[in-house]
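Quick notes on the structure that follows.
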Amino acid sequence: KDVVLAIHGGTAGPKESLTPEREKAVRADMKRALEAGYAILERDGKALDAVEAAIRVMEDSPEFNAGKGAVFTHEGQVEMDASIMEGNTRGAGAVASVTVIKNPISAARAVMERTKHVLLSGRGAEVFATKEGLETVDPAYFWTERRWQQIQKVWEQEKQQAESLDRKNSAAVDQEREPWG
Amino acid sequence: TVGAIALDNAGDLAAGTSTGGRSNKMYGRVGDSPIIGAGTFAENGVCAVSGTGEGEYFIRFVAAYDIAALMKYKNLPVESAAAEVVFDKLKAAGGEGGVIALDAEGRFAAPYNTPGMYRGYVTRDGQIEVRLY
């Protein structure tokens with residue numbers, strides 16, 4: 001009871017998969033996010049500002065799957081989504097499938113406050129954010145070694161699966177081709 | 001995926017979620033994070049919610065709004081409403097994930113059906129707590 005700000009940094013896999021170094025970095029950045037949001041609330045600021053401030057800290061941290069440190073798509077791109085909502089007016093804003101907006105949560109807020117829409121996606125969202133003066137970056141900004149290793153592993157697994165499937169299929173096809181069994 | 005929910009001194013609630021989506025996802029695939037009512041929701045006097053997990057389930061179960069609806073129409077406390085959605089609905093359907101939820105009195109809930117969820121909160125007097133598992 002008496003919580004004024006809460007955050008999450010995503011679901012986590014098995015505890016042993018988290019190295020002490022990463023745990024330290026994750027905890028430090030979550031604490032920074034909470035401090036950034038609380039500093040606003042403490043001086044009578046708005047919940048909306050506290051939410052945006054806390055999320056921006058985590059988007060700028062390479063430790064979380066948002067902003068810098070986002071995971072890669074099957075094509076090796078970074079495609080991000082974000083939304084924000086305020087409880088008094090039920091105003092809401094969101095962006096989806098953006099690739100060059102440094103802080104998607106701020107773009108979501110701009111959609112809420114500066115358009116009559118709720119959700120903008122893709123190039124339209126990016127053109128809007130650029131025109132509104134939000135910071136855009138080269139997609140390479142979002143690259144992190146850890147995520148790149150992660151997607152390489154997935155691609156390698158997929159390749160092996162495809163090869164073993166090919167072998168099975170070709171064996172099956174050979175089987176068929178030799179009616180005498 | 002990251003998220004934040006807040007309750008200010010005026011009693012206003014707000015919620016936000018931001019994500020890179022799922023690793024190795026299809027080009028153009030969008031999950032629940034930008035979908036209001038699925039991954040993000042806030043309504044004064046009821047609650048603020050931000051979710052993380054398999055977005056397709058959060059969309060289909062309108063998870064964030066469902067927590068608010070359980071509180072509004074069945075008078076469930078935030079803890080029970082959030083747990084019901086995360087365990088009895090999402091998990092029962094095979095959806096992995098968790099939420100953070102905050103009601104208008106500052107009661108906080110953070111149920112998750114995965115091995116862990118990075119979460120933290122600050123109380124009105126500035127006490128900070130961060131938990132990962």
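- Here B:N24 is the residue among B:L7, B:L13, B:T123, B:N24 with the most heavy-atom pairs under 4.5 Å with chain A.
- Comparing A:R90, A:K15, A:M80, A:E23 by heavy-atom pairs within less than 4.5 Å of chain B, the highest count is held by A:K15.
- Annotation: side chain of A:V137 is in contact with side chain of A:F142 (closest heavy-atom distance under 4.5 Å).
- Put simply, of A:E86, A:R147, A:R27, A:E35, the one with the most heavy-atom pairs under 4.5 Å next to chain B is A:R27.
- In terms of non-hydrogen atom pairs under 4.5 Å with chain A, the most contact-rich of B:G11, B:G39, B:S50, B:A48 is B:S50.
- Ranked by heavy-atom pairs under 4.5 Å with chain B, the list A:L41, A:N88, A:I84 is led by A:N88.
- Looking at A:L119, the atoms closer than 4.5 Å to chain B (heavy atoms on both sides) all sit in the side chain, from C-beta outward.
- For A:E79, the parts lying near chain B are the backbone and the side chain together; criterion is any non-hydrogen pair under 4.5 Å.
- Heavy-atom pairs under 4.5 Å with chain B were tallied for A:V26, A:D49, A:V154, A:T73; the largest tally goes to A:T73.
- Within 6.0 Å of CZ on A:R123 lie no more than 12 heavy atoms contributed by other residues, nucleotides or ligands.
- Using modelled atom types, one finds a donor on one side chain and an acceptor on the other under 3.5 Å when comparing A:Q160 with A:E156.
- Considering only heavy-atom pairs separated by less than 4.5 Å from chain A, the leading option among B:V130, B:T1, B:V30 is B:T1.
- Contact of A:V95 with chain B is made through the backbone alone, with heavy-atom distances under 4.5 Å.
- B:T40 and A:S83 get closest at one heavy-atom pair: OG1-OG, 2.7 Å.
- Partner of A:V3 under the side-chain contact (heavy atoms from CB on, under 4.5 Å) criterion, chosen from B:D103, B:V122, B:L102: B:L102.
- Under the side chain to side chain donor-acceptor pair (under 3.5 Å) criterion, A:E135 pairs with no residue at all, not counting sequence neighbours.
- Within the 4.5 angstrom heavy-atom criterion, only side-chain atoms of B:Y133, from C-beta onward, approach chain A.
- Using a 4.5 Å cut-off between heavy atoms, B:Q127 makes no contact with chain A at all.
- Proximity of B:P111 to B:F87: side-chain heavy atoms (C-beta onward) are separated by under 4.5 Å at one or more points.
- Along residues 97-104 of chain A, the residues that come nearer than 4.5 angstrom to chain B, judged on non-hydrogen atoms, are A:S97, A:P104 in order of number.
- In this structure, A:V78 is not a member of the same hydrophobic cluster as B:M26, with clusters built from ILVMFWY side-chain heavy atoms closer than 4.5 Å.
- In this structure, the side chains of A:M58 and A:D29 stay at 4.5 Å or more apart for every pair of heavy atoms.
- Heavy-atom distances place the backbone of B:D125, and not its side chain, under 4.5 Å from chain A.
- Between chain B and the options A:A82, A:A6, A:A94, A:A66, heavy-atom pairs under 4.5 Å are most frequent for A:A6.
- Looking at A:F72, the atoms closer than 4.5 Å to chain B (heavy atoms on both sides) all sit in the backbone: N, CA, C or O.
- Note: A:P14 leads A:A96, A:A70, A:P14 in heavy-atom pairs under 4.5 Å with chain B.
- When only modelled atom types and interatomic distance are considered, A:T11 and B:T114 share no side-chain donor-acceptor pair under 3.5 Å.
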Taking distance alone, no hydrogens or angles, what donor-acceptor pairs closer than 3.5 Å link side-chain atoms of residues 62-82 of chain B to residues at least two apart or in another chain?
| from | atom 1 | to | atom 2 | distance (Å) |
| --- | --- | --- | --- | --- |
| B:D66 | OD2 | B:K89 | NZ | 2.6 |
| B:K72 | NZ | B:E43 | OE1 | 3.0 |
| B:K72 | NZ | B:E43 | OE2 | 3.2 |

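- Comparing B:R119, B:R131, B:R29 by heavy-atom pairs within less than 4.5 Å of chain A, the highest count is held by B:R119.
- Ring geometry for A:W155 against A:W148 counts as perpendicular: the plane angle is over 60°, on a 0 to 90° scale with 30° as the lower cut.
- Two residues are said to be in side-chain contact when any heavy atoms from C-beta on lie closer than 4.5 Å; A:I7 and B:Y121 fail this criterion.
- Of the possible polar contacts, none joining the B:D32 side chain to the B:I59 backbone as a donor-acceptor pair under 3.5 Å is found.
- For the pair B:I5 and B:V49, the minimum side-chain heavy-atom distance is 4.5 Å or more.
- Side-chain contact check for B:R124 and B:N9: at least one donor-acceptor pair (N or O, by modelled atom type) lies under 3.5 Å.
- Considering only heavy-atom pairs separated by less than 4.5 Å from chain A, the leading option among B:T19, B:V99, B:D12 is B:T19.
- Residues of residues 106-114 of chain A lying under 4.5 angstrom from chain B, judged on non-hydrogen atoms, do not exist here.
- Between chain A and the residues B:G21, B:S18, B:G28, B:G53, the largest count of heavy-atom pairs under 4.5 Å involves B:S18.
- Using modelled atom types and a 3.5 Å distance limit, the side chains of A:Q149 and A:E145 yield a donor-acceptor pair.
- Contact of the A:I55 side chain with the A:E52 side chain is not registered, since no non-hydrogen atoms from C-beta on lie closer than 4.5 Å.
- Taken to the nearest 0.5 Å, the CE atom of B:M117 stands 13.0 Å off from the CD atom of B:E96.
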